[in-house]
Amino acid sequence: MMTNTNSVTPLHAPRKLKVATVSLAGCFGCHMSFLDIDERLLQLLELIEFDRSPLTDIKTVGRCDIGLIEGGLCNTENVHVLREFRANCKTLVAVGACAINGGLPAQRNSLDIGNILTSVYGSRVGMSSDSAIPNDPELPLILNQVHPIHEVVHVDYYLPGCPPSADAFWVFLNDLMAGRTPQLGHDLMHYD
Ligand code: SF4
């Protein structure tokens, strides 16, 4: 008897890896650089599906294989989201200078946050007389200092750069998806 092999569904079709991404205290530049992998994104989508990410607009993170974190921690919501990613992602990656060491937002760490808020919202030239520091319960509380993410959760890998190049994302993710320890090599390793 002839069997129509075209209609056979593989019993163990490879599962797509689930990937979540987020920008905490970052500028989205790392996400933009990720998108610069251009048409390789289509190849990537054969192997992965995105969960929570600015690319999908999904707002809650589910169980994922890989979590990519852009940005450090400047407020309580950043800390909450980071902890959710750590709890749900098998492998957590600090992407870019802001996630790795605080980056540009951490420039404020030598200043008093109270003085910054007062000068920005209260005494700056051109402010109206009734301007005040925003104080709505819906707003997350600002942290005294900006922190890199490894100070709050365990980080499995670091992808350096400001931002990491598209090629660095590509090599890094391909290594991770193949179960290898990512090796960027000298050309793709940037700390600026
Ligand atoms: Fe933006 Fe650079 Fe920070 Fe990435 S590392 S979020 S590109 S400032």
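All values derive from a computational prediction rather than experimental measurement. Whatever order the structure lists ligands and atoms in, that order sets their numbers, starting from 1.
Protein atoms that are N, O or S and lie under 2.8 Å from atom 1 (Fe) of ligand 1 are these: Cys27 SG.
Note on Leu184 and Leu173: same hydrophobic cluster, where clusters join Ile, Leu, Val, Met, Phe, Trp and Tyr whose side-chain heavy atoms are under 4.5 Å apart, directly or indirectly.
Heavy-atom distances between Gly161 and ligand 1 reach below 4.0 Å in at least one pair.
Taking Ile, Leu, Val, Met, Phe, Trp and Tyr as members and joining any whose side-chain heavy atoms lie under 4.5 Å apart, directly or through other members, Ile58 forms no hydrophobic cluster with any other residue.
A salt bridge does not link Asp65 with Lys16: none of the charged nitrogens is closer than 4.0 Å to a carboxylate oxygen.
Considering every non-hydrogen atom in both Thr181 and Asp175, the closest pair reads O-OD2, 4.1 Å.
Here Asp57 pairs with Lys59 under the side-chain hydrogen bond (donor to acceptor under 3.5 Å, both in side chains) rule; sequence neighbours left out. With sequence neighbours excluded, no residue forms a ring-ring contact (aromatic ring centres under 6.0 Å, His included) with Tyr157.
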